[in-house]
Amino acid sequence: MDNVWTENWQCLKCFLPEGWEERTRQLGAWQRKPRSIPSTESLLRLLLIHLADGCSLRESVVRAQQGGLASISDVAFLKRLRAASEWLRWMAVEMLKIRPPMLEEPSWLKDYRVRVVDASVICEPGSTGTDWRIHFSFDLFGLRCDEFYVTRPQAGESFVRFKILPGDLMLGDRSYGRLKGFRHATSRGGHFLSRLKKSLPVK
C-alpha cells in the first residue's frame, strides 16, 4: 500500500507548476523549516488531506501523524493553512495556464471586476437542520475570495449582502434575481447579471 501511495503522489506532482516548492518561501507559506513538518511536500500533502478529502483540522493532523507526514497540533495547522492561502492560489492559477481551459479575462470585461456570488448552508455536528449560512463572493479572474459573511439561515441570498464598488459586475443565480439586490448594485455604481425569478416582488 505504501508503494501505491508513493506512486500516486509522484503522479500528482507531475501536475504541479514549475517552481512550486520555491514559491513557498516567496509567498509566505514556508518562512523557515519547522520541526513539526519535515518538507514542503509534507506541508502540501497535509493541506490536501484537509482541503481535498474534506477532513476537519483535527482529523487531518491525526492522519498526517499516523502516515508519518507531520506531527503538529490542529491550532498550529490552522496557522499554516492561513499562511498558505496565496501559495495555493498561485498554484491554481499556474495549473490553469498549463492545462486548458484557461480562464482569461476578455478585453470587453477589462473595465469590470467580475464577482461570482453564492451561498451555502452549514450544519454543525449533531444538528438536525441548517445552523448557519455562508455568503461568498469570488473574484472570477483573480481566483480569490474577496468577501464572505456567516449569517443565520434565515438571511436569504441577495446582492445586498455584499459591499459593491463602482465597476463591480455581480454574477448570481436566480436566487439573486430580486429588485432590491439589483437596486443595491446599481446605486453603488455596480452592475449585475442574474437569472430572473418568475416573479419580482418589490421589497
>> Show, in sequence, the C-alpha distance, side-chain angles and deciding distance for V117 and L171, and conclude whether the side chain to side chain contact (heavy atoms under 4.5 Å, CB included) test is met.
In response: CA-CA 6 Å; V117 300; L171 306 183; over 6 Å; no
> For W9 and E41, what are the C-alpha separation, side-chain angles and deciding distance, and is it a side-chain hydrogen bond (donor to acceptor under 3.5 Å, both in side chains)?
Replying inline: CA-CA 10 Å; W9 174 246; E41 285 194 18; 2.8 Å; yes
>> One pair to check against side chain to side chain contact (heavy atoms under 4.5 Å, CB included): T186 and H191. What are the steps and the verdict?
In response: CA-CA 6 Å; T186 56; H191 310 269; over 6 Å; no
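Rounding to the nearest 0.5 angstrom, the gap separating the CH2 atom in W30 from the CD atom in E22 is 13.0 Å. To the nearest 0.5 Å, atom CD of residue E86 and atom OG1 of residue T24 are 13.5 Å apart. Rounding to the nearest 0.5 Å gives a distance of 11.0 Å between CE of M170 and OG of S194.
Within the 4.5 Å cutoff, no side-chain heavy atoms of V121 are placed close to those of W132. Looking at heavy atoms from C-beta onward, H50 lies out of side-chain contact with E59 at the 4.5 angstrom threshold. In this structure the side chain of L51 reaches within 4.5 angstrom of the side chain of L88, judged on heavy atoms. Within the 4.5 Å cutoff, the side chain of D53 has heavy atoms near those of the R63 side chain. Between K13 and W20, some side-chain heavy-atom pair lies under the 4.5 Å cut-off. Side-chain contact between V150 and R133 is absent, with no heavy atoms from C-beta onward closer than 4.5 Å. For the pair V93 and R89, the minimum side-chain heavy-atom distance is below 4.5 Å.
For CZ of R58, the number of neighbouring non-hydrogen atoms (other residues, nucleotides, ligands) closer than 6.0 Å is 12 at most. The environment of Y149 atom OH is dense: over 12 non-hydrogen atoms of other residues, nucleotides or ligands sit within 6.0 angstrom.
Listed by chain and number, the residues in a side chain to side chain donor-acceptor pair (under 3.5 Å) with R113 are D168 (sequence neighbours excluded). Applying the side chain to side chain donor-acceptor pair (under 3.5 Å) test to R188 and every residue at least two apart in sequence or in another chain returns H184. Evaluation of the salt bridge (charged side-chain N to carboxylate O under 4.0 Å, His left out) rule for K79 yields no partner, not counting sequence neighbours.
Between R161 and G156, the shortest heavy-atom distance links the atoms NE-O, 2.9 Å. The shortest non-hydrogen separation linking F159 to G172 is CZ-N, 4.1 Å. In terms of heavy-atom proximity, R82 sits nearest to S85 at O-OG, 3.2 Å. Minimum interatomic distance between P38 and S36 (heavy atoms only, all atoms of both residues): CD-O, 4.0 Å. Considering all non-hydrogen atoms of both residues, E157 and D118 come closest at OE1-OD1, 3.4 Å. In terms of heavy-atom proximity, L43 sits nearest to I37 at N-CG2, 3.6 Å.
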Sequence neighbours left out, cut at 3.5 Å: what donor-acceptor pairs do the side chains of residues 135-143 make with other protein atoms?
unit_1, atom_1, unit_2, atom_2, d
H135, NE2, T151, OG1, 2.9
S137, OG, R115, NE, 3.0
S137, OG, R115, NH2, 3.1
S137, OG, D146, OD1, 2.6
D139, OD1, F141, N, 3.4
D139, OD1, G142, N, 3.1

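Linking ILVMFWY residues whenever their side-chain heavy atoms come closer than 4.5 Å, directly or via other members, leaves F162 and L165 in distinct clusters. V114 and W108 fall within the same hydrophobic cluster, where Ile, Leu, Val, Met, Phe, Trp and Tyr residues are linked whenever their side-chain heavy atoms come under 4.5 Å apart, directly or through other members. Cluster annotation: V160 and V116 are assigned to distinct hydrophobic clusters (Ile/Leu/Val/Met/Phe/Trp/Tyr, side-chain heavy-atom contacts under 4.5 Å, transitive).
Under the side-chain hydrogen bond (donor to acceptor under 3.5 Å, both in side chains) criterion, no residue pair touches residues 66-76, with sequence neighbours excluded.
Taking Ile, Leu, Val, Met, Phe, Trp and Tyr as members and joining any whose side-chain heavy atoms lie under 4.5 Å apart, directly or through other members, the hydrophobic cluster of L69 also contains I49.
Below 30°, between 30° and 60°, or above 60°: for F182 and F192 the angle between ring planes is below 30°, a parallel geometry.
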